[in-house]
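Counting convention: from 1, in listed order, for ligands and their atoms alike.
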Amino acid sequence: MSRSKIVLKSGKDQSLRRYHPWVFSGAIKKTYGPLTEGDLVDVEDNKGEFLGVGHYQPGSIAVRIVSFEPVEPDETFWRNRLEQAWSLRHTSGPAGAPDTNVYRLVYGEGDLLPGLIIDYYNGMAVMQFHSVGMYRLRETLAAILKDLYGDKLTGIYDKSENTLPFKADIKQKNSWLYGKAKEGEVTEYGNRFLVNWVEGQKTGFFIDQRENRRLISTLSKGKKVLNLFGYTGGFSVYALRGGAEQVHTVDSSGHAIQLSRTNVELNFGKDAPHKGIVADAFDYLETAETKYDLIILDPPAFAKHNKVLHNALQGYKRLNEKAFRRIQSGGILATFSCSQVVSREKFRQSVFVAAANAGRHVQILYQLTQPPDHPVSLFHPEGEYLKGLVLKVEGVKE
Ligand code: SAH
């Protein structure tokens, strides 16, 4: 089948030769043949050498490469890719973990499936499309998912209303491709959570913090724990599981706090030493009466793009400084950033300034990242976004 073709400017082929899967619009010299959003297109260097085939998208990222070989991406091609993703989760990932039935099945570029996210919630697959090329494949992908999981699959929900690129002339509404359940219970390392993929943030649950939650559980025994930006109470449930003396969950959303209470009750009944507090995290750190032994800071991304990087770094500094002041000597601060544009170094620098301003002596115990069901392609470092530091905090200079 002959496809339309994009030829790159001289010298702009280097990143593709190193298997980076994005072609930026500025690298394009000329386009041959008709091209509609979502079409497959061949990419060549300016001497006519084939570089890759990908999905075309008007915008800054003009092509997302799906293969560096001159292949025809047919049903078998996509099936192989999904099977590889499935197999990674089952051999070196969470699908084989004890008492765990929630994980990310597909993480875009990290799984050589650019523009596609699939989260698996105990039988429900929630798909998010970030490119029109992938969106057009949704029925094919749904059929493959049914084959992969067989009877275990109870539903497929397409949650792309807010993730498809704004240029897409598709009046996409979130909808079920199969089944209809709105929420369900999942188990993560034996901890139970109610997940509502229809109304919840992202696909319903922050799966990416699984291993970090597990670590927090081991640090919680006998501690007074504060879980800021708590959402579904994920860290709170793990802290209680680890024997925390008391856990406070803070979130600015009343709905989130309700969820955190539901999840604590689901695991530990009504009398668990847990309190859900609806408050702004910054204000709470100013006014809280309790001094905590363990504070978890897992805010939403402060920077979604580079232009606001400076403000984001200021935000991390301010937040961490307040937390350093609120923590007992000998306590632990687990602090995270999920902003892709904030590098590990820059995040660490903000936390460093925060500690210095608060006059605390700090040791790094753990440096954390995202789990193996959010794999980062070595050729696509942009896929790395989650950063965490677990810090031992001593001494106050006041
Ligand atoms: N730690 C969570 C995920 C956090 S998502 C987990 O493991 O699942 C970020 C949360 O921060 C959202 O629930 C949002 O409601 C909350 N939030 C955003 N801004 C806030 C603020 N200023 N103060 C308190 N909570 C805030």
Side-chain angles (χ1 to χ4, degrees), residues 94 100 102-104 119 121 126 183 186-189 191-197 199-217 219-220 225-242 247-264 266-267 274-288 294-304 308 311-312 314-323 326 333-340 342 368-371 373-374 385-390:
T100 301
V102 49
Y103 54 86
R104 177 153 288 189
D119 286 341
Y121 291 108
V126 182
E183 59 179 19
V186 300
T187 311
E188 193 188 77
Y189 287 127
N191 297 296
R192 298 163 67 189
F193 294 98
L194 192 69
V195 178
N196 185 322
W197 34 84
E199 284 157 22
Q201 299 177 39
K202 306 271 170 95
T203 66
F205 191 59
F206 285 77
I207 298 173
D208 56 357
Q209 287 285 26
R210 179 185 55 251
E211 303 305 322
N212 302 332
R213 287 193 273 264
R214 195 181 191 203
L215 173 68
I216 290 301
S217 170
L219 301 171
S220 298
V225 178
L226 173 61
N227 179 14
L228 285 167
F229 307 92
Y231 188 35
T232 53
F235 280 104
S236 304
V237 166
Y238 276 74
L240 288 165
R241 182 75 64 206
V247 177
H248 290 165
T249 306
V250 173
D251 200 289
S252 53
S253 146
H255 179 69
I257 288 303
Q258 205 44 55
L259 254 175
S260 77
R261 290 183 185 131
T262 303
N263 285 327
V264 167
L266 198 58
N267 287 277
H274 173 256
K275 201 159 112 189
I277 302 158
V278 181
D280 174 83
F282 289 83
D283 293 348
Y284 185 80
L285 282 169
E286 283 290 316
T287 54
L294 170 55
I295 298 182
I296 299 133
L297 284 182
D298 183 26
F302 282 171
K304 293 245 159 57
V308 291
N311 289 351
Q314 290 299 319
Y316 287 120
K317 194 191 77 189
R318 225 158 51 83
L319 181 65
N320 281 277
E321 186 174 331
K322 285 180 195 292
R326 186 54 55 195
L333 175 65
T335 180
F336 296 93
S337 162
C338 61
S339 305
Q340 191 271 329
V342 173
L368 306 177
T369 183
Q370 60 215 57
D373 51 338
H374 295 61
Y385 66 98
L386 187 60
K387 300 153 285 282
L389 293 167
V390 177

Practice item. Determine, step by step, whether Asp373 and Arg210 satisfy the salt bridge (charged side-chain N to carboxylate O under 4.0 Å, His left out) criterion, reporting the C-alpha distance in whole Å, the side-chain angles of both residues, the deciding distance to 0.1 Å, and the verdict. Key: CA-CA 10 Å; Asp373 51 338; Arg210 179 185 55 251; 2.8 Å; yes
**Study point:** With sequence neighbours excluded, residues passing salt bridge (Lys or Arg N to Asp or Glu O under 4.0 Å) with Glu211
**Key:**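 Glu211 satisfies salt bridge (Lys or Arg N to Asp or Glu O under 4.0 Å) with no residue once adjacent residues are dropped.
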Review point. Under 3.5 Å, is there a donor-acceptor pair between the Ser217 and Tyr189 side chains?
Key: no
Check your understanding: For residues Asn263 and Thr232, is any side-chain donor paired with an opposing acceptor at under 3.5 Å?
Key -> no
**Study point:** Nearest heavy-atom neighbours spanning Ala323 and Ile295
**Key:** O-CD1, 3.8 Å
Point to revise | Atoms in ligand 1 with a heavy atom of Phe235 nearer than 4.0 Å | key: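 Counting from 1, the qualifying ligand atoms are 7 (O).
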Check your understanding: Considering only heavy atoms of Pro300, which atoms of ligand 1 have at least one such atom less than 4.0 Å away?
Key -> 9 (C), 11 (O), 18 (C)
Can you pull out the closest protein heavy atom to [atom]? Residue, atom name and distance to 0.1 Å, please.
atom                    : result
atom 7 (O) of ligand 1  : Arg213 NH1, 3.3 Å
atom 25 (N) of ligand 1 : Ser252 N, 3.1 Å
atom 4 (C) of ligand 1  : Phe229 O, 3.2 Å
atom 23 (N) of ligand 1 : Ala281 N, 2.8 Å
atom 22 (N) of ligand 1 : Asp280 OD1, 2.8 Å
atom 3 (C) of ligand 1  : Asp298 OD2, 3.5 Å
atom 8 (O) of ligand 1  : Phe206 CB, 3.5 Å
atom 13 (O) of ligand 1 : Asp251 OD2, 2.7 Å

Review point. Any non-hydrogen atom of Ala279 lying under 4.0 Å from ligand 1?
Key: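 Within the 4.0 Å threshold, so yes.
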Review point. Contact between Ser253 and ligand 1, counting heavy atoms under 4.0 Å?
Key: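 Per 4.0 Å heavy-atom rule, Ser253 contacts ligand 1.
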Check your understanding: Checking side chain to side chain contact (heavy atoms under 4.5 Å, CB included) for the pair Thr203/Trp197: CA distance, chi angles, key distance, verdict?
Key -> CA-CA 5 Å; Thr203 66; Trp197 34 84; 5.6 Å; no
Any N/O pair [X]/ligand 1 closer than 3.5 Å:
X      : answer
Asn227 : no
Gly234 : no
Pro299 : no

Check your understanding: Given Phe336 and Phe235, is the ring-ring contact (aromatic ring centres under 6.0 Å, His included) satisfied, shown in steps?
Key -> CA-CA 12 Å; Phe336 296 93; Phe235 280 104; 5.6 Å; yes
Practice item. Between Phe205 and ligand 1, find which residue part has any heavy-atom pair under 4.0 Å and reply side chain, backbone, both or neither. Key: neither
Exercise for review: Please confirm whether the backbone N or O of Gly276 pairs with a side-chain atom of Arg261, one donor and one acceptor, at under 3.5 Å?
Suggested key: yes
Check your understanding: Does Gln370 reach the main-chain N or O of Asp208 with its side chain, forming a donor-acceptor pair under 3.5 Å?
Key -> no
Practice item. Any chance you could lay out the side chain to side chain contact (heavy atoms under 4.5 Å, CB included) test for Tyr284 and Leu228, step after step, and finish with the verdict? Key: CA-CA 9 Å; Tyr284 185 80; Leu228 285 167; 4.2 Å; yes
